[in-house]
Participant: 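Here it is, the structure in full.
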Amino acid sequence: MVQAFVITLREGFEAFLIIAISLTYLRKSGRAELTPAVHAGLIVALAASGIGGYLLFNSLNQEWLEGPLALVAAVSVTWMVLHMWRAGRRMKGDIEGRLRTSSRRSGTGAFVGVFLFTLFMVSREGMETALLLIQLHETMNLAAGAAAGVAAAGAVAWLWSRYGHRVNLQLFFQVTAIFLFVFVLQLLIKGVHEMAEQNYLPYSHLLHQRTEAWGPDSPFGHMLTYMLAGLPLTWLLIRSSFSFARHTNRSAAA
C-alpha cells in the first residue's frame with residue numbers, strides 16, 4: 001500500500017503540475033481561449049492511460065512477460081527520477097517554452113498543438129504509473145493506497161499553486177526519489193528472478209536459485225521493506241535539521 005501511495009503521489013503531482021503550469025501560462029499570455037485544449041488533452045490522456053493500464057494488467061497472465069515488464073519498470077523509474085533530479089528546477093520554464101511554441105500558431109493549429117502537448121505529457125505520467133502499479137498487483141489495499149496518493153498529490157499541487165514559495169519541491173522530489181530507488185532494487189531482483197525462471201538469461205538456474213533467497217519474505221526482502229520507509233524519513237530529518245540550524249543561526253546573527 002505504501003509503494004502505491006508514493007508512486008501515485010509523485011506521478012500524480014507531476015501531472016497536476018503540468019496542468020497547473022499550462023493553464024496559468026495560457027491565461028497570463030492572453031491565450032485563455034486555448035484552455036479547452038488542455039482539458040481535452042487531459043481527458044484523452046486519462047482514457048489512454050486507463051486503456052494502457054488495463055492491457056498491461058492483462059499481460060500479467062502471460063508469465064513470460066513478468067520479468068521483462070519488471071525490468072522495464074525499473075528502467076522507467078530510474079530514468080524518471082534522474083530526469084526530475086536534473087531538470088526539475090527548470091520544469092516550469094520547459095513547459096512554458098513548449099506551450100509558447102504550440103500556442104503561437106493560429107486557429108486550429110494552436111488548439112491541436114496545445115492538445116497534443118497535454119496529451120503526451122499527461123499520458124506519459126499515466127502510463128508510467130500503470131507500469132509501476134501492476135508490479136504491486138498482489139499488494140493488499142493497492143487501490144486504497146493509489147487513491148490516497150492521488151488525493152495527496154492534488155493537495156500538494158493545490159498548496160504549490162497557492163503558496164508556491166513555501167512548498168519545498170526540491171525536498172519533495174528528493175524524498176520520493178530515495179523511496180523509488182529502493183523500489184527499483186526490488187524490481188530488478190524480481191525481474192532477474194522471473195527471467196531466470198523462464199531461462200531467458202545465461203546461468204538461469206543459478207540466478208534463479210540465488211534470487212529465490214532475496215524474495216519479499218526473506219530477511220533481505222524485509223530489510224528492503226524497512227528501507228522503503230526508513231531511508232526517506234532519515235533524509236527528511238537530516239534536511240529538516242540542517243534547515244532548522246540555518247534558520248537558528250540567521251536569527252541569532254540578526
Participant: Answer yes or no: is there a donor N or O on one side and an acceptor on the other, between the side chain of S76 and the main chain of V72, under 3.5 Å?
Facilitator: no
Participant: In the structure I gave you, are the side-chain heavy atoms of L187 and L71 within less than 4.5 Å of one another anywhere?
Facilitator: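 No, side chains not in contact.
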Participant: Measuring from atom CD of Q174 to atom CG of L236, what distance do you get when rounded to the nearest 0.5 angstrom?
Facilitator: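 The CG atom of L236 is 10.5 Å from CD of Q174, to the nearest 0.5 Å.
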Participant: Does L23 reach the side chain of H39, with side-chain heavy atoms less than 4.5 Å apart?
Facilitator: yes
Participant: Kindly indicate whether the side chain of L133, heavy atoms from C-beta on, has any atom under 4.5 Å from the side chain of T8.
Facilitator: yes
Participant: For I21 and L99, what are the C-alpha separation, side-chain angles and deciding distance, and is it a side chain to side chain contact (heavy atoms under 4.5 Å, CB included)?
Facilitator: CA-CA 10 Å; I21 292 172; L99 280 173; 5.6 Å; no
Participant: Quick one: CZ on F115 to CG on L34, what's the gap to the nearest 0.5 Å?
Facilitator: 13.5 Å
Participant: Does V44 share a hydrophobic cluster with V112, counting links as ILVMFWY side-chain heavy atoms below 4.5 Å and allowing steps through other members?
Facilitator: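 Same cluster.
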Participant: Give a yes or no on whether a salt bridge exists between E33 and R31, defined as a side-chain N under 4.0 angstrom from a carboxylate O.
Facilitator: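 A salt bridge links E33 with R31.
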Participant: I'd like to know whether L180 forms a side chain to side chain contact (heavy atoms under 4.5 Å, CB included) with I7, so could you lay out the CA-CA distance, the side-chain angles of the two residues, the decisive distance to 0.1 Å, and finally the verdict.
Facilitator: CA-CA 8 Å; L180 290 174; I7 288 168; 4.1 Å; yes
Participant: Looking at A4 and A146, what are the two nearest heavy atoms and their distance?
Facilitator: CB-N, 3.9 Å
Participant: Quick check for you: to the nearest 0.5 Å, what is the distance between L46 atom CG and L119 atom CG?
Facilitator: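 Going from the CG atom of L46 to the CG atom of L119 covers 10.0 Å.
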Participant: What is the minimum heavy-atom distance between G126 and S49, and which atoms define it?
Facilitator: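 The answer is CA-OG, 3.4 Å.
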Participant: Mind checking the NZ-CG spacing from K190 to L69? Nearest 0.5 Å is all I need.
Facilitator: 9.0 Å
Participant: For E14 and M121, run side chain to side chain contact (heavy atoms under 4.5 Å, CB included): C-alpha distance rounded to whole Å, both residues' side-chain angles, the deciding distance at 0.1 Å, then the answer.
Facilitator: CA-CA 10 Å; E14 289 184 25; M121 295 292 287; over 6 Å; no
Participant: Do M223 and L185 share a hydrophobic cluster, counting only Ile, Leu, Val, Met, Phe, Trp and Tyr and linking them when any side-chain heavy atoms are less than 4.5 Å apart?
Facilitator: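 Per the 4.5 Å side-chain linkage, M223 and L185 are co-clustered.
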Participant: As an exercise, state the distance from CE of M227 to OG1 of T234, rounded to the nearest 0.5 Å.
Facilitator: 10.0 Å
Participant: How far apart are the closest heavy atoms of A32 and P36, and which atoms are they?
Facilitator: O-CD, 4.1 Å
Participant: Just so I know, are the side chains of S29 and R100 near enough to count as touching, which here means a heavy-atom distance under 4.5 Å?
Facilitator: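 A side-chain contact is absent here, since even the closest heavy-atom pair is not under 4.5 Å.
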Participant: Looking at every non-hydrogen atom in both residues, tell me the closest pair between F181 and T78 and how far apart they are.
Facilitator: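 Heavy-atom minimum between the residues: CE2-CG2, 4.4 Å.
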Participant: Between W235 and V175, does the side chain to side chain contact (heavy atoms under 4.5 Å, CB included) criterion hold? Intermediate values first, please.
Facilitator: CA-CA 7 Å; W235 181 250; V175 170; 4.2 Å; yes
Participant: Give the minimum heavy-atom separation between M127 and A48, together with the two atoms involved.
Facilitator: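 The answer is SD-O, 4.2 Å.
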Participant: Consider only side-chain heavy atoms of I, L, V, M, F, W and Y, link residues closer than 4.5 Å, and tell whether V114 and F120 are in one cluster.
Facilitator: yes
Participant: Closest heavy-atom contact between V150 and F16?
Facilitator: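 Taking every non-hydrogen atom into account, O-CE1, 3.8 Å.
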Participant: Going only through I, L, V, M, F, W and Y residues with side-chain contacts under 4.5 Å, is there a path from W79 to V184?
Facilitator: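 Yes.
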Participant: Quick check for you: to the nearest 0.5 Å, what is the distance between I18 atom CD1 and F13 atom CZ?
Facilitator: 11.0 Å
Participant: Hey, quick one: are I134 and V75 part of the same hydrophobic cluster, counting side-chain heavy atoms closer than 4.5 Å, chains of contacts allowed?
Facilitator: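 I134 does not cluster with V75.
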